[in-house]
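Labels below follow one simple rule: chain letters A, B, ... track the order of the sequence lines, proteins then strands, and each chain is numbered from 1. All values reported here derive from a predicted model rather than from experimental measurement.
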Protein chains: 2
Amino acid sequence: MTKRPADPANGSAPAARQVPMRDFSRSLPMSLLRAREAVMRQFRPSLREHGLTEQQWRILRALAAIEAAEVTELARTAFLLGPSLSRILRDLEGRNLIERKTAKADQRRSMVSISKEGVKLMASVAPTSEAIYAEITRRFGARKLAELQDMLGELEQSLAGLGASEEASAEE
Amino acid sequence: MTKRPADPANGSAPAARQVPMRDFSRSLPMSLLRAREAVMRQFRPSLREHGLTEQQWRILRALAAIEAAEVTELARTAFLLGPSLSRILRDLEGRNLIERKTAKADQRRSMVSISKEGVKLMASVAPTSEAIYAEITRRFGARKLAELQDMLGELEQSLAGLGASEEASAEE
DNA sequence: CGCATTCACTTAACATGTTAAGTATCTCCG
DNA sequence: CGGAGATACTTAACATGTTAAGTGAATGCG
């Protein structure tokens, strides 16, 4: 009995609620989520074939780029939260894709680096990954892509330091 | 602001890897992820105060907008996968924020709708939520925001139908 | 009518997101 | 020197993401 509107574009506006709010599908978080999903959907199958998740791949890439890093630094680079990173590192270490050794100067810190096997795995994934990225760039347009990246960066900047306690000074 | 203590052992040059790849932090998925996180970071505290997660809030908003919907349709609207939605609906139903009843015409389908309590909860969250969105818009700029949304939409479009098998001929 | 398929979910299983605690170190100041 | 507090992680607990399998209800077709 319910034929759903196949096209979300036009305004069938079914009985407006008391709380109007913006059109749901146009909220910024939603747009970002959908765009990202559209992109990631391209990469996941290839990564999966190599036994890697998106996050594991991020970590390997980050490590390959910076050679060796403390866990906290790696978390920042790969944009993962500490707890997630802890779990993933445990797994990657078990698979011998990374190596870990506690720093001598500070026993709390541990230096993480990619192993030979890790490098090998990356080498086997990278070509496909790059090809996919190239196709995305081709479809969307290199210029627009750069523009988009710029805007995303600006967005991030304009929201930097708005969240929790933020500036002021009367903190402590 | 990158201040990590460089490894004194091999001194200079982070020793370029055999697999160069693009600068990690500039990959599109990363940019999208960071931008989205910067945005969501603003909303989460408020939602949390009301006992809602981001996804639960998405579902309530979607339901408020479309009045009642089948689970599959709701999944599409709120951009959630079936399994996630199943779990969340079970929870929201337990909290009496939504109502569910199986369709008479097709026993497989169930129609989901927001309850009075759900509407009340939304009404209590919406003002703060809108205020936050307004502040984001102010900071980033309304025009740029619209531009960004457009580009994100285009990106999604240009990648539509690239993932799985697809092609062959005309789909429906 | 009978039954293989398809459909609309739901469960299951594993990985990560997210927040709060816990643990071992390290720092600093009295 | 010692203990309070800060650091760098790690665990824990709960919610969601993601893929695969399961369940019950419609459909299509011989």
Side-chain angles (χ1 to χ4, degrees), chain A residues 1-2 4 29 33-34 36-49 51-59 69-76 78-95 100-112 163-164 172, chain B residues 3-5 29 33-34 36-37 40-49 51-59 69-76 78-95 100-112 163-164 172:
Chain A
M1 62 183 196
T2 315
R4 53 179 195 266
L33 180 58
R34 284 210 288 239
R36 187 175 139 80
E37 177 54 28
V39 173
M40 284 315 302
R41 192 194 311 287
Q42 314 303 320
F43 291 99
R44 261 189 286 267
S46 160
L47 290 177
R48 186 174 178 69
E49 279 178 25
L52 288 175
T53 64
E54 179 196 334
Q55 293 80 355
Q56 292 166 352
W57 176 237
R58 284 222 297 276
I59 292 175
E70 300 168 14
V71 173
T72 300
E73 182 189 359
L74 186 55
R76 190 163 39 76
F79 208 69
L80 291 168
L81 293 178
S84 297
L85 185 52
S86 261
R87 284 178 302 216
I88 301 174
L89 288 180
R90 191 205 312 148
D91 176 73
L92 292 180
E93 190 174 20
R95 292 202 263 163
R100 213 170 354 179
K101 56 176 188 248
T102 55
K104 355 177 193 344
D106 187 337
Q107 296 292 88
R108 293 171 305 179
R109 301 163 196 275
S110 75
M111 300 302 290
V112 185
E172 61 266 19
Chain B
K3 182 55 169 71
R4 71 196 142 87
L33 180 59
R34 286 210 287 237
R36 188 176 138 80
E37 178 54 27
M40 284 315 302
R41 192 193 311 287
Q42 314 304 319
F43 291 99
R44 261 190 284 269
S46 161
L47 290 177
R48 187 173 177 71
E49 280 178 23
L52 289 175
T53 65
E54 179 195 333
Q55 293 81 357
Q56 292 167 352
W57 175 238
R58 284 221 298 275
I59 292 175
E70 299 168 15
V71 173
T72 300
E73 182 189 0
L74 186 54
R76 189 162 41 73
F79 208 69
L80 291 169
L81 293 178
S84 295
L85 186 51
S86 261
R87 284 177 301 213
I88 301 174
L89 288 181
R90 192 204 314 146
D91 176 72
L92 292 180
E93 190 175 19
R95 291 203 264 162
R100 214 168 357 177
K101 56 178 187 244
T102 54
K104 351 178 190 347
D106 188 337
Q107 296 293 88
R108 292 171 306 181
R109 302 166 197 272
S110 75
M111 300 302 291
V112 185
E172 68 280 351

* Of all residues at least two apart in sequence or in a different chain, which pass the side-chain contact (heavy atoms from CB on, under 4.5 Å) check with B/Glu49? -> none
* Asked: With sequence neighbours left out, what residues match A/Thr53 under side-chain contact (heavy atoms from CB on, under 4.5 Å)?
  -> A/Gln55, A/Gln56
* To do: Quick one: list whatever passes side-chain hydrogen bond (donor to acceptor under 3.5 Å, both in side chains) with B/Arg100, sequence neighbours left out.
  => B/Glu93
* Less than 4.5 Å apart, any side-chain heavy atom of B/Arg95 and any of B/Leu52? -> yes
* Scan nucleotides 10-19 of chain D nucleotide by nucleotide, 5' to 3', and note B when protein non-hydrogen atoms come under 4.0 Å of the base, S if they reach only the sugar-phosphate, - if neither. => BBBB-SBBBB
* Picking from A/Arg109, A/Lys101, A/Arg108, what satisfies salt bridge (Lys or Arg N to Asp or Glu O under 4.0 Å) with A/Glu70? -> A/Arg109
* Asked: Does A/Glu37 pair with A/Arg44 as a salt bridge, N-O distance under 4.0 Å?
  -> yes
* Asked: Hey, are the side chains of B/Leu33 and A/Arg58 touching, using non-hydrogen atoms and a 4.5 Å cut-off?
  -> yes
* To do: Applying side-chain hydrogen bond (donor to acceptor under 3.5 Å, both in side chains), name anything that partners B/Ser84, two or more places apart in sequence or on another chain.
  => B/Arg87
For nucleotides 22-25 of chain C, which of its nitrogen or oxygen atoms have a protein nitrogen or oxygen under 3.5 Å away, and what is each distance?
{"from": "C/dT25", "atom 1": "O2", "to": "A/Arg108", "atom 2": "NH1", "distance (Å)": "3.2"}

* To do: In whole angstrom, give the distance that lies between atom CD of A/Glu70 and atom P of D/dT7.
  => 14 Å
